[in-house]
Amino acid sequence: MKKRYLLGVFLLSCFIAKGQDSTIKSSVKNVEAKVDSVLALMTLEEKVGQLVQYNGSWDLTGPASEMNNKQKEENLKAGKVGAMLNVLSVEATKEAQKLVMENSRLKIPLMFGYDVIHGYTTIFPVPLAETASWDLEAMEKTAEIAALESAANGVNWTFSPMIDVSRDARWGRIMEGSGEDPYLTSKVAVAKVKGYQSNDLANPRSIAATAKHFAGYGFGEAGRDYNTVHIGENELHNTILPPFKEAAKAGVATFMNAFNDIDGTPATAHKTLQREILKKEWDWDGFVVSDWGSIPEMIAHGLARDKKHAAQIALNAGSDMDMEGGAYESSLVSLVEEGKVSQEYIDDAVKRVLRVKFKLGLFDDPYLYANPELLENISFEEHRNVARDVAKKSIVLLKNENDLLPIQDSIKKIAVIGPLADDKDTPIGNWRAQGEANSAVSLLEGLKNNMNKDVEISYAKGADLGMGERSFLMPLKINETDTSGFQEAINKASEADLVIIALGEDAFQTGEGRSQVDVGLAGVQQELLKEIRKVNKNIVLMLINGRPLEITYASENIPAIVEAWQLGSESGNAIADVLLGDYNPSGKLPVSFPRAVGQEPLYYNQKSTGRPSNPTHVTYSGYTDEKKDALYPFGFGLSYTNFEYGDLTISAEELTPGSPIEVSFSLSNTGEKEGKEIVQLYIKDIVASTTRPVKELKGFEAVQLAPGETKTVTFEINEEMLQFYTANEKWESEAGEFEVMIGGNSRDLQTVKFSLKK
Ligand code: NOJ
């Protein structure tokens, strides 16, 4: 024991000595030995300290704990804090780090976390929008840039990616994720983890990522935030967990648990999820941070009597770090002393935290992320170019009657209308980190920057979307009555060859705590659209929004509709690229757009039921007053050219484990413009030991084609792609018949059959 202690002292002193003057990070090879050596030095109080995270008070994203800043400072000095969040800038993080490094006994460096959700200073499309690009390389790149800008500002840990599969447009946080499909979300999860963390967390330009919210948060009942989740094992394993499993496999440094309860157990108290599945079955060695205050919130859930009880439940369930909840710091020491929490569990949690800190290189240089040179050398211009590139790829063309788009040369007068047409703030979206307010290129600016000078552009707002102030904490009060600007807009529209009208949602209409019962065009927007249509039918509707919207009227009456989401800093330029035809739109919806809000939750990969709708009984498993399918389905998106799919051929009708088969088809560009088609592969398991979805995305590929060009596209189908969580409670495949479906969206597909023999 004594020998171990001495080794610990020796190793620790080496790290600290090195840390004073070296910027070279330690190799992660010996991390385990180093972690053990530090742990051996720690008192119980110091161990508990590593499990405590404080908010820096700059940017409150939840109810703050009652502790004042002076006390927080004292606790930092005493080594009673393991991490902070919302401490921003090189100076501020350096100051906080100094308190620890110059005063605490063991000098264990802090981690600094922040919600870098779609960029730090340079703002990229909100995650739901970015997923519409289906461009994993681009998504990795934007994460890499966000990491660099964060690292250059002292932040070494982002609470992203959010990989909660979500199928409910009412839920405001649907904008933060990758939509309704577990396969697509899994792919994005891996791309994001790679982008943030690079191959090596010890790279000073990369930061630790967080897979959140573990688990089920996107399934809140009735789309209400923080709400109860009713899901069974089947849904949990087949739909919700796959992206988390992939993130864990990709080496994500941390997980965040969730505010919701699942079938009676708050995620923060979920031992099966955190200890059994994540840490044991998946053998993942990072740490789980609670969501903000989610440990004491178990009192309101009615699971814990008080903070101490909440701390006991959370730690025992495998929640390693307490984010601004004040429960661990006040109770864990006594809980261990009373034998209610084991020393072994505490040690495991602490080791997980130390491991990430070692991997981040913080023991070598606690000030590694407080390096002003990194910031000085950033080319923000380059970052904005990337932002424009990914933004244009994220745009989805929903309707284009009579090829109204791209804007034709004959158009000489354009009226740009709408509350969001010259809005420089909304495209920045919610969860904007340090993205400056009003810093986006607006749609109007984008057109003016990029349009031929001989085209006359007039502008009228028409109406305000909201009234008064709004912010992260305070939602916008929607303008339901003021139509005083309509007449000017009508006049301008009536004089123009083409009207571009920008409608949708305010930046803070989506995000945390932003659930809505109505997902149509809020306030007087639809009325404005109808009035404009009376004087000019040549309308392009630009949707600027964070959630899927119900746009049935527009889809029936407006010739061209473009989904332009909240695209970030370069929004207007990217939109202009598409409207002017400099970029042929290639985005595809990652989420179904409803015909009516009453269809929610709405998703393509539903179960069949025992009485699926059929031509004689259209209302079976549907509605009497509306169709049951989406207005615009998952995977949908048009192009300025046309793609024709040839017949499917399959290399063999039977596959066995280890011997994949292939499905091929020709894809032709039959139009006049070069374009990119995201081809999608879906599979249906016809008979299985549990009911299975009517189809599931299992592959996709972007195919670029010149006009008149044809390419053969081939997908491999292997046994792993057929695995699911079976009635045996195992992830495995079952022999039998399958359908493979291929097409350009989840509705219009060709099908062939094959079987799996085992
Ligand atoms: C609460 C949110 O649910 C979570 O996603 C976020 O990371 C934390 N607040 C920290 O801001």
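The model shown is predicted, which means the values in this text are computed figures rather than measured ones. The first residue of the sequence shown is numbered 1, and numbering continues consecutively from there.
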(message) Leu278 vs Phe214, test: side chain to side chain contact (heavy atoms under 4.5 Å, CB included). Steps then yes/no.
(response) CA-CA 10 Å; Leu278 173 62; Phe214 197 58; 3.9 Å; yes
(request) Tell me yes or no: between the side chains of Ser206 and Tyr196, is some donor less than 3.5 Å from an acceptor? (result) no
(message) When you compare the side chain of Leu354 with that of Ile108, does any pair of heavy atoms fall below 4.5 Å?
(response) yes
(request) Check whether any side-chain heavy atom of Asn449 sits under 4.5 Å from a side-chain heavy atom of Asn573, and report yes or no. (result) yes
(message) Counting the benzene-type ring for Trp, do Tyr369 and Phe112 have ring centres under 6.0 Å apart?
(response) no
(request) Can you label the angle between the Phe363 ring and the Phe358 ring as parallel, tilted or perpendicular, going by 30° and 60°? (result) parallel
(message) Would you say Asn75 and Tyr54 are linked by a side-chain donor-acceptor pair, where the criterion is simply a distance under 3.5 Å?
(response) yes
(request) Determine whether more than 12 heavy atoms belonging to other residues, nucleotides or ligands lie under 6.0 Å from atom NZ of Lys279. (result) yes
(request) Taking the side chain as every heavy atom from C-beta outward, state whether Asn257 and His270 have any pair of such atoms under 4.5 Å apart. (result) no
(message) Less than 6.0 angstrom separating the ring centers of Trp157 and Phe287, yes or no?
(response) yes
(request) Write down the atom of Ser442, the atom of Glu445, and the distance for their closest heavy-atom approach. (result) N-OE1, 2.9 Å
(message) Do Val390 and Pro125 make a side-chain contact, defined as non-hydrogen atoms from C-beta onward lying under 4.5 Å apart?
(response) yes
(message) Do the side chains of Asp577 and Arg388 get close enough for a salt bridge, i.e. N-O under 4.0 angstrom?
(response) yes
(message) Applying side chain to side chain contact (heavy atoms under 4.5 Å, CB included) to Glu176 and Val126, what does each step give before you reach the verdict?
(response) CA-CA 6 Å; Glu176 285 176 59; Val126 297; over 6 Å; no
(message) Side chains of Glu512 and Tyr226: any donor to acceptor distance under 3.5 Å?
(response) yes
(request) With Asp285 as reference, evaluate Arg352, Lys280, Lys359, Lys351 under the salt bridge (Lys or Arg N to Asp or Glu O under 4.0 Å) test and give the passing residue. (result) Lys359
(request) Would you sort out whether Lys80 and Ser104 count as a side chain to side chain donor-acceptor pair (under 3.5 Å), showing the intermediate values? (result) CA-CA 9 Å; Lys80 290 183 174 173; Ser104 68; over 6 Å; no
(message) Between Arg547 and Glu505 (salt bridge meaning N to carboxylate O under 4.0 Å), is one present in this structure?
(response) yes
(request) Cation-pi check, Arg275 to Tyr345: give yes when NZ or CZ is under 6.0 Å from the six-membered ring centre and within 45° of the ring axis, no otherwise. (result) yes
(message) Does Glu436, at its CD atom, have more than 12 non-hydrogen atoms belonging to other residues, nucleotides or ligands within less than 6.0 Å?
(response) no
(message) For Glu324, is there an ion pair with Lys72 - N to carboxylate O distance below 4.0 angstrom?
(response) yes
(request) State plainly whether the residues Asp283 and Lys249 are in salt-bridge range, i.e. N to O under 4.0 Å. (result) no
(message) Check this for me, if you would: do Glu73 and Lys70 make a salt bridge, where the nitrogen-to-carboxylate-oxygen distance has to be below 4.0 angstrom?
(response) yes
(request) Please step through salt bridge (Lys or Arg N to Asp or Glu O under 4.0 Å) for the pair Lys212 and Asp115, ending with a clear verdict. (result) CA-CA 11 Å; Lys212 76 184 187 186; Asp115 288 293; 3.4 Å; yes
(message) As a quick check of understanding, evaluate side chain to side chain contact (heavy atoms under 4.5 Å, CB included) for Val356 and Met111, giving each step before the final call.
(response) CA-CA 9 Å; Val356 173; Met111 280 171 71; 3.8 Å; yes
(request) Determine whether Asn55 and Trp292 make a side-chain contact, defined as any pair of heavy atoms from C-beta on separated by less than 4.5 Å. (result) yes
(request) Would you indicate whether Lys141, at its atom NZ, is surrounded by more than 12 heavy atoms from other residues, nucleotides or ligands within a distance under 6.0 Å? (result) no
(message) Is any side-chain heavy atom of Val288 closer than 4.5 Å to one of Thr254?
(response) no
(message) Using a strict threshold of under 4.0 Å (side-chain N to carboxylate O), is an ion pair present between Glu32 and Arg355?
(response) yes
(request) Would you check if Val289 and Gln53 make a side-chain contact, meaning some heavy-atom pair closer than 4.5 Å? (result) yes
(message) With a 6.0 Å cut-off on the ring centroids, do Trp284 and Phe255 count as close?
(response) yes
(request) Take atom CG of Asn438 as the centre, draw a 6.0 Å sphere, and report whether it contains more than 12 heavy atoms from other residues, nucleotides or ligands. (result) yes
(request) Verify whether one side chain among Thr268 and Ser294 offers a donor that lies under 3.5 Å from an acceptor in the other. (result) yes
(message) Walk me through whether Lys187 and Glu140 qualify under salt bridge (Lys or Arg N to Asp or Glu O under 4.0 Å).
(response) CA-CA 10 Å; Lys187 295 285 173 200; Glu140 185 178 328; over 6 Å; no
(request) For the pair Arg384 and Glu381, find out whether any cationic side-chain nitrogen is under 4.0 Å from an anionic carboxylate oxygen. (result) no
(request) Give the C-alpha distance, both sets of side-chain angles, the deciding distance and a yes or no for salt bridge (Lys or Arg N to Asp or Glu O under 4.0 Å) between Glu91 and Lys94. (result) CA-CA 5 Å; Glu91 302 74 41; Lys94 206 169 188 169; over 6 Å; no
(request) May I ask you to check whether Thr426 and Gln566 show a side-chain donor-acceptor distance below 3.5 Å? (result) no
(message) Check Lys47 with Asp347, please: is the shortest side-chain N to carboxylate O separation under 4.0 Å?
(response) yes
(request) Tell me, with the steps shown, if Arg470 and Asp506 meet salt bridge (Lys or Arg N to Asp or Glu O under 4.0 Å). (result) CA-CA 9 Å; Arg470 98 297 198 230; Asp506 174 66; 2.9 Å; yes
(message) Counting C-beta onward and ignoring hydrogens, is there a side-chain heavy-atom pair between Gln50 and Met42 closer than 4.5 Å?
(response) yes
(request) Determine, for Glu46 against Arg105, whether the closest basic-nitrogen to carboxylate-oxygen distance falls under 4.0 angstrom. (result) yes
(request) Output yes when Glu137 and Lys393 qualify as a salt bridge under the 4.0 Å nitrogen-oxygen rule, no when they do not. (result) no
(message) Counting neighbours of NZ on Lys194 that are heavy atoms of other residues, nucleotides or ligands and sit closer than 6.0 Å, is the number greater than 12?
(response) no
(message) Does either side chain, that of Glu149 or that of His383, offer a donor lying less than 3.5 Å from an acceptor on the other one?
(response) yes
(request) Give the C-alpha distance, both sets of side-chain angles, the deciding distance and a yes or no for side chain to side chain contact (heavy atoms under 4.5 Å, CB included) between Asp322 and Val52. (result) CA-CA 5 Å; Asp322 178 1; Val52 171; 5.6 Å; no
